[in-house]
**Q** 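Below is the structure I would like to discuss, written out as structure tokens.
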2 protein chains.
Amino acid sequence: MVKRTSFEGDACPIARSLEALGDWWSLLIIREALFGVRRFGEFQSRLGTAKNILSARLRSLVEHGILETTPASDGSAYQEYVLTPKGRGAFPILVALRQWSEEFDDHPEEIATILVDRDKGRPVKRLEMRAEDGRLLSPADTTLKPRLAPRRSSAKAGPRS
Amino acid sequence: MVKRTSFEGDACPIARSLEALGDWWSLLIIREALFGVRRFGEFQSRLGTAKNILSARLRSLVEHGILETTPASDGSAYQEYVLTPKGRGAFPILVALRQWSEEFDDHPEEIATILVDRDKGRPVKRLEMRAEDGRLLSPADTTLKPRLAPRRSSAKAGPRS
DNA sequence: CAATCTAGTTTCATTATGCAACCACTGGAG
DNA sequence: CTCCAGTGGTTGCATAATGAAACTAGATTG
């Protein structure tokens, strides 16, 4: 096979999410959708995507349960694309990407916008990892565990990633 | 031009980070690197990437300042790839992707591992967005603001995303 | 110094991307 | 009802990216 490798059956959850939204456009489409964009033409003009690509991506996102097509909304007979809960659940991913850019980009002055909380207009706090009891965790403070107790029989290489 | 569109000059920080790590392999390479993988061959065997692709990705990650090549480390004359602070800073992105999978995947039973804190062995808490003062924020509680005061002269369409 | 390992590069077939052209259906003006 | 612009796509074609396998140069081992 010379197909682009798929991570569908992969046991790693990171690979699994990349399977659904790991290409150039999907996350940007979700970003626009989170800001209320619903119509094909609006996605197209805001993102500047070719229409065939946009069409393919929207279809893929619908298949993955991230977007839903609703037959109407404002009276017209056209359809709209709206986020499902799964789609809205991707918000932290976008925030993480945004904050990474804000912190490490080589030309931060080119970044046009900041994410603020609507009430106070102040930047949102950096996402942080915490333990169940609230302790702040660094990457080194974490580790991976097999999801279910491993087979008692073998001490072979455990599941990874 | 029929080149793949680049987001380099884009003002949206999400697009900017996707420019650096928005392809299929980069994030997986960073994932492995976070778990201590350093050598070309180790990346190759753990990820199953073709060597030419891996070579190109590693080079790109080095160019973006996410990985660094260190000429030695264990005595041998080979080189290693280690994460820079910028690379380690991508950890929350990976955690966000992982948690999204854990929460919304259609077949969560196929996910092999959970991320736990090393001390207690308990799952890490879900990432949450908070305001400066600690209030929990939902997507709807946030909005985008232009980074610097917009030019006083024009009331044209403001910066987006 | 021969065999093998590591870390790639090269070659070539297959896919995906992107632009432009085309087409079907809507919604409105007359 | 008819014409006609706008919406929401699909199709075709050129180019770029991906992936498997073969090849290679330097390092390490024996």
Side-chain angles (χ1 to χ4, degrees), chain A residues 1-10 15 18-29 32-33 36-64 67-82, chain B residues 1-10 15 18-29 32-33 36-64 67-82:
Chain A
M1 246 207 307
V2 201
K3 286 192 59 162
R4 185 197 270 228
T5 54
S6 152
F7 301 118
E8 240 181 273
D10 201 298
L18 290 177
E19 175 71 23
L21 34 78
D23 66 277
W24 288 77
W25 294 111
S26 298
L27 281 167
L28 296 176
I29 290 171
E32 295 299 329
V37 174
R38 293 158 158 260
R39 296 283 284 258
F40 186 96
E42 208 178 352
F43 284 111
Q44 211 252 315
S45 62
R46 290 175 67 114
L47 292 173
T49 342
K51 304 209 288 182
N52 52 352
I53 305 290
L54 179 58
S55 176
R57 286 294 160 270
L58 288 172
R59 199 176 319 136
S60 154
L61 288 169
V62 169
E63 275 164 17
H64 279 97
L67 291 175
E68 243 173 4
T69 56
T70 75
S73 137
D74 68 333
S76 87
Y78 296 112
Q79 68 176 355
E80 299 186 336
Y81 297 89
V82 299
Chain B
M1 251 211 299
V2 204
K3 286 191 58 159
R4 178 141 107 169
T5 52
S6 151
F7 301 119
E8 240 182 272
D10 201 297
L18 289 177
E19 174 72 21
L21 34 78
D23 66 278
W24 288 77
W25 294 111
S26 298
L27 281 166
L28 296 176
I29 290 171
E32 296 299 330
V37 173
R38 291 157 159 258
R39 295 283 285 258
F40 185 96
E42 207 178 352
F43 284 112
Q44 210 252 316
S45 62
R46 291 175 67 115
L47 292 172
T49 342
K51 306 207 289 179
N52 51 352
I53 306 290
L54 179 59
S55 175
R57 285 294 159 270
L58 288 173
R59 198 176 320 138
S60 153
L61 289 170
V62 168
E63 274 163 17
H64 279 97
L67 291 175
E68 242 174 5
T69 56
T70 75
S73 136
D74 68 333
S76 88
Y78 295 114
Q79 68 175 352
E80 299 186 337
Y81 297 89
V82 299

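Here is the naming used below: chain letters follow the sequence lines, and residue numbers restart at 1 for every chain.
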**Q** Would you kindly give the CD1-to-C1' distance between Ile53(B) and dT11(C), to the nearest whole Å?
**A**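 Computing the Ile53(B):CD1 to dT11(C):C1' distance gives 13 Å.
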
**Q** For Gln44(B) and dG8(C), give me the distance from atom CD to atom P, rounded to whole Å.
**A** 11 Å

**Q** Out of dT28(D), dT26(C), dT18(D), which nucleotide sits closest to the side chain of Arg57(B)?
**A**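 In terms of side-chain proximity for Arg57(B), the closest of dT28(D), dT26(C), dT18(D) is dT18(D).
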
**Q** Ala77(B) side chain: which of dG18(C), dA27(D), dT11(C) is closest?
**A**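 Minimum distance to the Ala77(B) side chain belongs to dA27(D).
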
**Q** Any side-chain N or O of Tyr81(B) less than 4.0 Å from the OP1 or OP2 oxygen of dG8(C)?
**A** yes

**Q** Just compare dT11(D), dG19(D), dT9(C) and give me whichever is closest to any side-chain atom of Asn52(A).
**A** dT11(D)

**Q** Closest approach to the side chain of Phe40(A), judged atom by atom: which nucleotide of dT9(C), dG18(C), dG9(D) is it?
**A** dG9(D)

**Q** What is the distance from CG of Asp23(A) to P of dT17(C), rounded to the nearest Å?
**A** 7 Å

**Q** Search all heavy atoms of Leu21(B) against all heavy atoms of Ser26(B) and return the closest pair with its distance.
**A** CA-CB, 3.9 Å

**Q** Ile29(B) CD1 to dG8(C) P: how many Å, rounded?
**A** 12 Å

**Q** Is Arg59(A) close enough to dG9(D) that one of its side-chain N or O atoms is under 4.0 Å from OP1 or OP2 there?
**A** no

**Q** Quick one: CD on Gln79(B) to OG1 on Thr69(B), what's the gap to the nearest 0.5 Å?
**A** 5.0 Å

**Q** With nearest nucleotide decided by heavy atoms, which residue, Gln79(B) or Gly48(A), maps closer to the 5′ end of DNA chain C?
**A**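 Of the two residues, Gln79(B) wins.
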
**Q** When the distance from CZ of Phe43(A) to P of dT7(D) is rounded to whole Å, what number comes out?
**A** 15 Å

**Q** Please answer whether the main-chain N or O of Thr70(A) pairs with a side-chain N or O of Glu80(A) as donor and acceptor at a distance below 3.5 Å.
**A** no

**Q** From the list dA20(D), dT10(D), dC5(C), which nucleotide is the closest neighbour of the side chain of Tyr78(B)?
**A** dC5(C)

**Q** From NZ of Lys51(B) over to C1' of dT6(C), roughly how many Å is that when rounded to an integer?
**A** 8 Å

**Q** Select from Trp24(A) and Arg39(A) the residue whose nearest nucleotide in DNA chain D is closer to the 5' end of that strand.
**A**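 The 5'-side residue here is Arg39(A).
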
**Q** Ignoring backbone atoms, test whether Ser55(B) places a side-chain nitrogen or oxygen under 4.0 Å from the OP1 or OP2 oxygen of dT9(C).
**A**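 Affirmative; the distance criterion is met.
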
**Q** Side chain of Trp25(A) only, please: which of dG8(C), dA20(D), dG18(C) is the nearest?
**A**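 Looking only at heavy atoms from C-beta outward on Trp25(A), the closest nucleotide is dG18(C).
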
**Q** Could you tell me how far apart Leu54(A) (CG) and dT17(C) (P) are, to the nearest whole angstrom?
**A**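 In whole Å, dT17(C) P lies 13 Å from Leu54(A) CG.
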
**Q** Anything under 30° is parallel, anything over 60° is perpendicular, the rest tilted; go ahead and classify Phe43(A) against Tyr81(A).
**A**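 If you compare the ring of Phe43(A) with that of Tyr81(A), the planes turn out perpendicular.
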
**Q** With no hydrogens and no angle check, is any side-chain donor or acceptor of Gln44(A) less than 3.5 Å from a backbone partner on Thr49(A)?
**A**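 Looks like yes, one N/O pair under 3.5 Å.
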
**Q** In whole angstrom, what separates Glu42(B)'s CD from dC5(C)'s C1'?
**A**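 It works out to 15 Å between those atoms.
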
